[in-house]
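Worksheet: the structure to be examined is printed underneath.
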Amino acid sequence: MQVSIACTEQTMRSRNSDDRLCGPRPAANQNGTGGGGGGHPKYRTVAVVTRNLNHHLSYHRGPIILRESTGRATGMKYRNLGKSGLRVSCLGLGTWVTFGSQISDEVAENLMTIAYENGVNLFDTAEVYASGKAEQTLGNILKKKEWRRSSYVITTKIYWGGQAETERGLSRKHIIEGLRGSLERLQLDYVDIVFANRMDANSPMEEIVRAMTYVINKGMAMYWGTSRWSAMEIMEAYSVARQFNLIPPVCEQAEYHMFQREKVETQLPELYHKIGVGSMTWSPLACGLITGKYEERVPENSRASIKGYHWLKEKAVSEEGKKQQAKIKELQPIAERMSCTVAQLAIAWCLRSEGVSSVLLGVSSPEQLLENLGSIQVLSQLTAQTIAEIDLILCNKPNVKKESRS
């Protein structure tokens, strides 16, 4: 029997607090009572549960609220991944470009250690990153550190696994074989989340959802999600899962920063409320553009100077890139007033968006990582007035139905 981990607002409203606390009510016996004594079954069941849990729980009525918590030792904030029960750090460490490519394994280990010790429990990779080397590096570090497997969350993405036709896409064959390959490189028995790393028009949706359900049932993954899927495609996957009693996705990975707002601010919040799909966002600094380091030139060893990333260099020196750099300069006084850097302001700005469970950081040095982690302290300073000031500068706020949290 498949059990869904996503819940809708409609479902939550249709079940009262007694149902949520007590579960299904016992059937009435011939005397018109429940299975254990006289009185109305509803009130008797609630009374029993209340007595048993009185010393441990405060009786709560109304809809379940997914609350953000803060680590006492680190100050890291933790949120539910969508409306699943998985708790992830609001900042995660990504391995795109960096692990197995831009930085040495020693630096990668240092970054992971700093992140973990500062409360980060989410580490993201993909089979395509550095042609599998990113997963290998991540796996070697995890094996060396010997952290409790239950204390961190590993995510990987499946789509581009090799040159052969059967090593790409989201066929049942590649989802299963690709994930097995990732687990071998990671030296893990399972990943916490496996993402479909873009939609595959050549694979039927039912086949994709069934394959994801299979790898979860086999213990190769705990959850599955999507990356760079449209809202319509995510809804289709959810509908297929509901129709065939399969497991639906819990999260969408999407690009989100001050110059890329439409999807995360207008489409994904609706999915979050309707079907419980959360957002895990990446590139909060627009591949470094928001840091201002590309203002005058492209520095050596920067992401834009790496082979295969000429598109980033062209974007930085384009007319649009220059306009964005000008807006970043206008944000500087706001950052100074808040005693933070523009990078910290930009990451905190991403964290304030409704439905965003975690923001993935892409860093190449310990100094950069520590700076980015400092954005958590900036989040509490982002008042509605400050956000309005930022929107006035950016001039690209989408037409949203609901206000983002501030």
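In this chain, numbering begins with 1 at the start of the sequence shown.
- Between the NZ atom of Lys133 and the CG atom of Asn140 there is a distance of 13.0 Å, given to the nearest 0.5 Å.
- Under a 3.5 Å cut-off, the side chain of Glu127 and the backbone N or O of Trp160 do form a donor-acceptor pair.
- In plain terms, the two heavy atoms of Val342 and Ala335 that are nearest each other are N-CB, 3.9 Å.
- For the salt bridge (charged side-chain N to carboxylate O under 4.0 Å, His left out) test with Lys263, the passing option among Glu255, Glu252, Glu270 is Glu252; the others fail.
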Stepwise side-chain contact (heavy atoms from CB on, under 4.5 Å) check, Met212 with Ile247: CA-CA 8 Å; Met212 289 298 189; Ile247 300 175; over 6 Å; no
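- Judged by distance alone, with hydrogens and angles left aside, the side-chain atoms of Ser353 form no donor-acceptor pair with the main-chain N or O of Val356 at under 3.5 Å.
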Please report the C-alpha distance between Leu285 and His257 in whole Å, then the side-chain angles of each, then the deciding distance to 0.1 Å, and finally whether the side-chain contact (heavy atoms from CB on, under 4.5 Å) criterion is met. CA-CA 6 Å; Leu285 302 178; His257 50 75; over 6 Å; no
Working for salt bridge (charged side-chain N to carboxylate O under 4.0 Å, His left out), residues Arg79 and Glu68: CA-CA 5 Å; Arg79 299 171 176 175; Glu68 184 180 80; 2.6 Å; yes
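- Salt bridge Glu206/Arg210: present, at least one basic N to carboxylate O contact under 4.0 Å.
- Look at Glu146 and Lys143 and you find no salt bridge, because none of the NZ, NE, NH1 or NH2 atoms lies under 4.0 Å from a carboxylate O.
- Taking the ring axis of Tyr256 as reference, the NZ or CZ atom of Arg261 does not stay both within 45° of it and closer than 6.0 Å to the ring centre.
- For Trp224 and Tyr214, the distance between ring centers is not under 6.0 angstrom.
- Summarising the geometry of Gly278 relative to Tyr272, their closest heavy-atom pair is CA-CD1, 4.3 Å, with the distance given to 0.1 Å.
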Test side-chain contact (heavy atoms from CB on, under 4.5 Å) on Met338 and Leu382; report intermediate values, then the result. CA-CA 9 Å; Met338 298 174 69; Leu382 277 180; 4.1 Å; yes
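- Thr74 and Asn118 share no side-chain donor-acceptor pair at under 3.5 Å.
- Salt bridge Glu109/Lys144: present, at least one basic N to carboxylate O contact under 4.0 Å.
- Cation-pi geometry between Arg149 and Tyr190 is met: the NZ or CZ atom falls under 6.0 Å from the ring centre, inside 45° of the normal.
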Please step through side-chain contact (heavy atoms from CB on, under 4.5 Å) for the pair Asp200 and Tyr159, ending with a clear verdict. CA-CA 8 Å; Asp200 182 8; Tyr159 191 93; 3.8 Å; yes
Determine, stepwise, if the pair Glu262 / Lys397 fulfils salt bridge (charged side-chain N to carboxylate O under 4.0 Å, His left out). CA-CA 8 Å; Glu262 185 72 28; Lys397 182 179 179 180; over 6 Å; no
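- Side chain to side chain, Ser69 and Arg87 meet the donor-acceptor criterion of an N or O pair below 3.5 Å.
- Between Leu86 and Ile193 the shortest side-chain heavy-atom distance falls below 4.5 Å.
- At a cut-off of 3.5 Å, with distance as the only test, a side-chain donor of Tyr129 or Lys157 sits close to an acceptor on the other residue.
- A parallel orientation is assigned to the rings of Tyr116 and Trp147, their planes being inclined by less than 30° (bins at 30° and 60°).
- Pairing each heavy atom of Val215 with each of Val194, the nearest pair is CG2-CG1, 4.3 Å.
- Taking every heavy atom of both residues into account, Glu354 and Pro269 meet most closely at OE1-CB, 3.7 Å.
- Looking at Glu135 and Thr156, their side chains do bring a donor and an acceptor atom within 3.5 Å of each other.
- Checked by atom type and distance alone, the side chain of Thr95 never pairs as donor or acceptor with a backbone atom of Phe99 at under 3.5 Å.
- Looking only at distances, a side-chain donor or acceptor of Glu167 sits under 3.5 Å from a matching main-chain atom of Gln163.
- Checking side-chain atoms of Ser89 against main-chain N and O of Asn121 turns up a donor-acceptor pair under 3.5 Å.
- Of the N and O atoms on the side chains of Thr383 and Thr386, at least one donor lies less than 3.5 Å from an acceptor on the other residue.
- The minimum heavy-atom distance linking Lys327 with Cys395 is given by the pair NZ-CB, 4.3 Å.
- For the pair Arg352 and Trp349, the cation-pi test (distance below 6.0 Å, angle within 45°) is passed.
- For Met235, the side-chain contact (heavy atoms from CB on, under 4.5 Å) partners are Leu271, Ile275, not counting sequence neighbours.
- Panel note: side chain Trp229, backbone Arg198; a donor-acceptor pair is recorded below 3.5 Å.
- Side-chain atoms of Gln253 and Asp124 form a donor-acceptor pair, as typed in the model, at a separation below 3.5 Å.
- Across all their heavy atoms, Leu91 and Ser375 have their closest contact at CD1-OG, 3.8 Å.
- Looking only at atom types and distance, the side chain of Thr341 has a donor-acceptor partner in the side chain of Glu371 under 3.5 Å away.
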